[in-house]
Amino acid sequence: MAKPFKSLFNFDCFFVSKKKKKKKMMMCPGLLRLSDSNVLQNFWKTLISDQYFKVKHYNYAKNNKKILIARLISGADISYYCSSLSSSQPLQNLCCPSNHKPCNYIILCCCDGLALLWCRGDHLLWNPSTNESVQLPNHEITSLFGSTYGLGYDSISDDYKILRVEHMGNRPGLPSKILALKSGSWRKIGNHSRGFHNNIVPSKSSLPFVRGAFHWLGKDNLPKYNIMISFNISNELYGEISLPEEICNISNVNYVRCAVLEGMLCAYCKGREAGLDTFKLWVMKDYGVKESCTKLFTIRKTHIFLVTPIYMFADGEVLLIYQEDCFYRDFRTSKGPYEPLPSNRTLLQGCVYTESLISPKLLI
């Protein structure tokens, strides 16, 4: 089994100085590649467990977002890769989550460098930077069909929480569930009166997490989405955010969903206009203010099967997981293919994350 510290050879790290009784962090790119001695191993094990070091490393890594990619390799086995979104680097092949082989877990969502994985009813919390993972409690529903997950950090209770909501069309009346990692068990919670409507294959989307709350789109008995629902994970209260008329009046669509880009809530849809498949994306620049919603762009093609926005670059361009048919999926922006990430017919998922040294085993 690969030891967690070995993954540090894959990214830049820090050197700690305690001059003048104050810790200082100095960047030492590639320092870990210099030696593999037991002394250095023990030094780094101690260093990466230091809370000050963890915070400094995370703050540094926030400026270097990475993308976690899952690809189908053979049968049900999945391979995992990562790549920087701020510099041109080749895809880096990642090891399977520790103690879990063969690799057949799909990615549900990411938060603070942690990835929530799922396979046949089993839930796994994985840090792809350290390759450390831990098995999470399961619940009686083993199928993923009709369910969507979200992972977020509750700053009030200092705990990570997972929310699972059920699509009302598939399981009417089935309650949502929440797992606080420190509690060690899933707990049922009451559903919002408008319910949850998910027209996308569950593993292709997750619940956007903004300002301590998960979000999704809701609707009345009308076939139109007219509200964004929030669920605060600290007080477990629901809220509602009004949407502009342009979104509420959308018709002839296959799906309407929401996401988060650079901390801003977004709404997007795919439909049919003037004989062409059409994808539209709006961003809410001021949280909760419908008047701040602005349409970023529209894509019109002969065939569009599924589009999911996952990241906004500094210049405003948006990285999309783009699927023209039932099988072929790749990365692109509104301008065209995203060259740094090559197309691949075996692409399953892509999730943007920040490298961290958080130990999943210390969270439960």
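This one's a predicted model, so the numbers in the text were calculated from it and none came from an experiment.
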K.L.:
Please tell me whether F231 and F214 form a close aromatic pair, meaning their ring centres lie under 6.0 Å apart.
P.N.:
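They do not qualify: ring centres at least 6.0 Å apart.
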K.L.:
Assess the side chains of S334 and E317: does a donor N or O sit below 3.5 Å from an acceptor N or O?
P.N.:
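The answer is yes; a qualifying pair exists.
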K.L.:
Report the residues that fulfil side-chain hydrogen bond (donor to acceptor under 3.5 Å, both in side chains) with Y287, sequence neighbours left out, ordered by chain and then residue number.
P.N.:
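Result, side-chain hydrogen bond (donor to acceptor under 3.5 Å, both in side chains) vs Y287: H215.
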K.L.:
Cation-pi check for Y81 against R71: NZ or CZ below 6.0 Å from the six-membered ring centre and within 45 degrees of the axis, yes or no?
P.N.:
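So R71 does make the cation-pi contact.
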K.L.:
Please determine if K301 and E324 form a salt bridge, counting it only when a charged side-chain N lies under 4.0 Å from a carboxylate O.
P.N.:
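No, no charged N to carboxylate O under 4.0 Å.
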K.L.:
Compare all side-chain heavy atoms of I358 with those of L363 and state whether any distance is below 4.5 angstrom.
P.N.:
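SC-SC contact between I358 and L363 confirmed.
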K.L.:
Should Y268 and F297 be counted in the same cluster of Ile, Leu, Val, Met, Phe, Trp and Tyr side chains packed under 4.5 Å apart?
P.N.:
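Same cluster: Y268 reaches F297 through Ile, Leu, Val, Met, Phe, Trp or Tyr contacts under 4.5 Å.
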K.L.:
Considering residues at least two apart in sequence or located in another chain, which fulfil the salt bridge (Lys or Arg N to Asp or Glu O under 4.0 Å) criterion with D154?
P.N.:
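Expected list: K161.
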K.L.:
Can you name the side-chain hydrogen bond (donor to acceptor under 3.5 Å, both in side chains) partners of E273, sequence neighbours left out?
P.N.:
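With sequence neighbours excluded, E273 shows a side-chain hydrogen bond (donor to acceptor under 3.5 Å, both in side chains) to K280, R300, given in chain and number order.
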K.L.:
Can you tell which of F313, Y322, F331 makes a ring pair (Phe, Tyr, Trp, His ring centres under 6.0 Å) with Y338?
P.N.:
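Between Y338 and the candidates, ring pair (Phe, Tyr, Trp, His ring centres under 6.0 Å) is satisfied uniquely by F313.
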K.L.:
Do the side chains of W186 and N138 get nearer than 4.5 Å, heavy atoms only?
P.N.:
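When only atoms from C-beta onward are counted, W186 and N138 do not touch, as no gap falls below 4.5 Å.
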K.L.:
Residues in side-chain hydrogen bond (donor to acceptor under 3.5 Å, both in side chains) with R187, at least two apart?
P.N.:
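Applying side-chain hydrogen bond (donor to acceptor under 3.5 Å, both in side chains) to R187 gives E236.
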K.L.:
Does N93 have any side-chain hydrogen bond (donor to acceptor under 3.5 Å, both in side chains) partners at least two apart in sequence or in another chain, and if so, which?
P.N.:
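N93: no side-chain hydrogen bond (donor to acceptor under 3.5 Å, both in side chains) contacts found.
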K.L.:
Taking salt bridge (Lys or Arg N to Asp or Glu O under 4.0 Å) as the definition, give me every residue that meets it alongside K290, ordered by chain and number, with sequence neighbours left out.
P.N.:
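Residues passing salt bridge (Lys or Arg N to Asp or Glu O under 4.0 Å) with K290: none at all.
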